[in-house]
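These numbers were taken from a predicted model, which means no experiment stands behind them.
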Amino acid sequence: VQLQASGGGLVQPGGSLRLSCKFSGGIFNFNTMAWYRQAPGNQRELVASIATTSTTTYADPVKGRFTISRNNARRTAYLQMTNLKPEDTAVYYCKGNYPKHVWGQGILVTVSS
């Protein structure tokens, strides 16, 4: 299984970005997909997850601003981020969990004016 993340970059506070995570080499539909992030000096933390049933969970700091989704036909998970804040600046990682946990490469999101 391989995960290829894309969509990061520099955005001003209040702006939006959409991250994508393309899945290959396994059965996407069996995976709960998740996005994590790691800011400098901090531990990696869960941002959002979406189960095979499309049930979603969100970390409190991003509730109401971020939306996780999946397109099973395209084998891709997404993280739509709106009303971005400087504290959202981090390296973001996507993760799958079947048949084993696998991480995509990190992508940098910088929120700054």
**Prompt:** Which residues pass the side-chain contact (heavy atoms from CB on, under 4.5 Å) test with T57, sequence neighbours left out?
**Reply:** S49
**For Y36, all residues meeting ring pair (Phe, Tyr, Trp, His ring centres under 6.0 Å), sequence neighbours excluded** = W103
**Asked** How long is the gap from CD on Q80 to OG on S69, to the nearest 0.5 Å?
**Response** 8.0 Å
**Request:** Would you name the heavy atoms of M33 and A77 that are closest together and state the gap between them?
**Result:** CB-CB, 4.0 Å
**salt bridge (Lys or Arg N to Asp or Glu O under 4.0 Å) partners of K63, counting only residues at least two apart** = D60
**Request:** For the residue pair P13 and P86, establish whether any side-chain heavy-atom pair is separated by less than 4.5 Å.
**Result:** yes
**Asked** What about I27 and V102, same hydrophobic cluster or not, with Ile/Leu/Val/Met/Phe/Trp/Tyr joined at side-chain heavy-atom distances under 4.5 Å?
**Response** no
**Asked** Under the 3.5 angstrom rule, does the side chain of N31 hit a backbone N or O of G96 as a donor-acceptor pair?
**Response** no
**Message:** Tell me every residue that passes side-chain contact (heavy atoms from CB on, under 4.5 Å) with P99, counting only those two or more places apart in sequence or in another chain.
**Reply:** V1
**Message:** For a 4.5 angstrom cut-off between non-hydrogen side-chain atoms, does L79 reach R18?
**Reply:** no
**Prompt:** Are L10 and V111 side-chain neighbours, meaning at least one heavy-atom pair lies under 4.5 Å?
**Reply:** no
**Request:** With sequence neighbours excluded, give me every disulfide bond (SG atoms under 2.5 Å apart) pair touching residues 29-113.
**Result:** C21-C94
**Item:** E87 atom CD, neighbour heavy-atom count above 12 within 6.0 Å
**Value:** yes
**Request:** May I have all residue pairs that pass salt bridge (Lys or Arg N to Asp or Glu O under 4.0 Å) and include part of residues 39-57, sequence neighbours excluded?
**Result:** R37-E45
**side chain to side chain contact (heavy atoms under 4.5 Å, CB included) between L17 and L84, worked out** = CA-CA 8 Å; L17 279 176; L84 282 159; 4.2 Å; yes
**Request:** Under the side chain to side chain contact (heavy atoms under 4.5 Å, CB included) rule, what do T52 and N29 come out as? Steps first, then yes or no, please.
**Result:** CA-CA 6 Å; T52 58; N29 294 21; over 6 Å; no
**Request:** Quick one: which residue pairs count as a salt bridge (Lys or Arg N to Asp or Glu O under 4.0 Å) with a foot in residues 67-82, not counting sequence neighbours?
**Result:** none
**Request:** Scan residues 7-28 for pairs that pass ring-ring contact (aromatic ring centres under 6.0 Å, His included), counting only residues two or more places apart or in two chains.
**Result:** F23-F28
**Residues forming a side-chain contact (heavy atoms from CB on, under 4.5 Å) with Q2, sequence neighbours excluded** = S24
**Prompt:** What is the distance from atom CG of N97 to atom OG1 of T32, rounded to the nearest 0.5 Å?
**Reply:** 4.5 Å
**Request:** Any pair with a residue in residues 57-94 that passes ring-ring contact (aromatic ring centres under 6.0 Å, His included), sequence neighbours left out, goes on the list, sorted by first then second residue, please.
**Result:** none
**Fill in**
Sorted by chain and residue number, the salt bridge (Lys or Arg N to Asp or Glu O under 4.0 Å) partners of R65 (sequence neighbours excluded) come out as D88
**Message:** My understanding is that only residues two or more places apart in sequence, or in another chain, count here; which of them pass side-chain contact (heavy atoms from CB on, under 4.5 Å) with T53?
**Reply:** A51, T55
**Item:** Nearest-0.5 Å distance, CE of residue M81 to CG of residue L19
**Value:** 3.5 Å
